[in-house]
Asks: 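I have a structure I would like to understand better, so I am pasting it below and will then ask my questions one at a time.
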Amino acid sequence: MPETEGIPCLLMRGGTSKGALFLASDLPQDPTERDDLLLRIMGSPDPRQVDGLGGAHPLTSKVAVISPSPDTGADVDYLFLQVGVDTALVSSRQNCGNILAAVGPFAVERGLVQPSDGHTEVRIRMVNTGSTATARFATPGAVVDYDGGPAAGCAVAIDGVPGTAAPIRLTFEATAGSSTGALFPTGKVLDHAEEVDITCVDNGMPSVLMRAADLGLTGDETPADLEANEGLAERLAGLRLAAAELMGMGDVRGATVPKLVLLAPPRAGGSIATRSFLPVRVHTSIGVLGALTVAAGVLAEGSVGHDLAALPAPDDPFRVEHPTGHFDVEVALEATPDGYTVSHSTALRTARKIFDGRVFPRPHL
Ligand code: NQM
């Protein structure tokens, strides 16, 4: 279908992020053509993304491409694409657990999965890393309940999103080392880069953990304060390149991974306080896989943050504090003679269908 007739698109909030969701069959198969089209749909490159769907922040400049899965262990395949805001870049190098929360409902909306009357489970293969997740959500009368009416059991609030909505439970398998090959990609729980203690960890989101205090910070700064600190930005950029080399990720200039996370003792009854970098803009909350990765890293004895944390009792969730509240996750980390393993991780999110229609990409500049 010519693009002048518009491309079917569902605009959705997934967790604390927002993005445009497409059926793979509605987009060009060739990745170069697809990415060119997505840049024009989102209005990139432009710091305001004024001519497209993007929201002028990495957390609202996201795309999901969904198709039936050829894998017998999954119902659908989900490819996540981060669309640059002021750069003409589309990257498949990272996953996104927040947009993942919207994928199960999208699969029902588009008829890829038959919903049950009650609750529906959708098994999702995250194509970026090959790991899988299961989303469980309310579908009373075989229709997705986004708001959390009586059939959803209850409506829940997630910090960083106003109001309440129906819960979407996400269960992850095989996230450990999904991008880098190992939960602790350097083979150690503690390393040093540019004279700073770091823990390099990947429970679904390759991340470099460090103590805020080691950088002269409290860990309580607002995202705006951190983004305005030019000296910090320069120091973190150097640290990130050095850490990525240790993690075997090569030259990550221009890449959105690894993320950087500053840790501090919890201030609001949680397990640890965080400020995470995307890696330049500062997250207003924290990513889903980002939070699972922080929890796995901090739970490991000897890591950066282990001694700063108030570790939860065995059956309690790990509460990650962030700039707009907290995020509870469960991470089953086990010590083995060969190191640590994670059998599964879970997180609770919500999602919402915002707009269903056809999007009209701007023409080539
Ligand atoms: O870590 C932002 C987000 C994310 C990623 C980012 C995410 C995750 O909050 O699973 O969700 O880290 O770029 O959308």
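Whatever order the structure lists ligands and atoms in, that order sets their numbers, starting from 1. Everything numeric here is computed off the predicted structure, so don't read it as measured data.
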Asks: Whether the Ser92 and Asn128 side chains hold a donor-acceptor pair (N or O, under 3.5 Å, no angle test) is what I'd like checked.
Replies: no
Asks: Could you tell me whether Arg253 and Asp251 make a salt bridge, using a distance below 4.0 angstrom between a side-chain N and a carboxylate O?
Replies: yes
Asks: Can Cys96 be said to touch ligand 1, with heavy atoms closer than 4.0 Å?
Replies: yes
Asks: Would you call Glu221-Arg275 a salt bridge at under 4.0 Å N-O?
Replies: no
Asks: Do Arg40 and Phe360 form a cation-pi contact, if we require the NZ or CZ to be under 6.0 Å from the six-membered ring centre and within 45 degrees of the ring's axis?
Replies: no
Asks: What I want to know is whether Asn95 and ligand 1 share at least one N or O pair that is separated by under 3.5 angstrom.
Replies: no
Asks: Using a 4.0 Å cut-off to any heavy atom of Ser17, which atoms of ligand 1 qualify?
Replies: 3 (C), 9 (O), 14 (O)
Asks: I'd like to know if Glu227 pairs up with Arg281 as an ion pair, taking the criterion as any Lys NZ or Arg NE/NH1/NH2 lying under 4.0 Å from an Asp or Glu carboxylate oxygen.
Replies: yes
Asks: May I ask you to check whether Val288 has an N/O atom sitting below 3.5 Å from an N/O atom of ligand 1?
Replies: yes
Asks: For ligand 1, is any non-hydrogen atom under 4.0 Å from Leu59's backbone (N, CA, C, O), its side chain (CB onward), both, or neither?
Replies: side chain
Asks: With a 4.0 Å cut-off on heavy atoms, is Leu278 in contact with ligand 1?
Replies: yes
Asks: Looking only at the side chains, is there a donor atom on one of Ser131 and Thr129 sitting less than 3.5 Å from an acceptor on the other?
Replies: yes
Asks: For Gly97, counting its heavy atoms only, list the atoms of ligand 1 lying under 4.0 Å from any of them.
Replies: 7 (C), 8 (C), 10 (O), 11 (O)
Asks: Starting at CZ of Arg13, measure out to CZ of Arg349 and round the result to the nearest 0.5 Å.
Replies: 8.5 Å
Asks: Taking only heavy atoms of Gly290 into account, list the atoms of ligand 1 that are under 4.0 Å away from them.
Replies: 1 (O), 8 (C)
Asks: Which protein non-hydrogen atom lies closest to atom 11 (O) of ligand 1, naming both residue and atom, and how far is it?
Replies: Asn98 N, 2.9 Å
Asks: In this structure, are over 12 heavy atoms from other groups packed under 6.0 Å from Glu230 atom CD?
Replies: no
Asks: Going by the closest heavy atom to atom 2 (C) of ligand 1, which one wins out of Lys62, Lys259, Gln82?
Replies: Lys62
Asks: Flag Met205 as yes when one of its N or O atoms lies below 3.5 Å from any N or O atom of ligand 1, and as no otherwise.
Replies: no
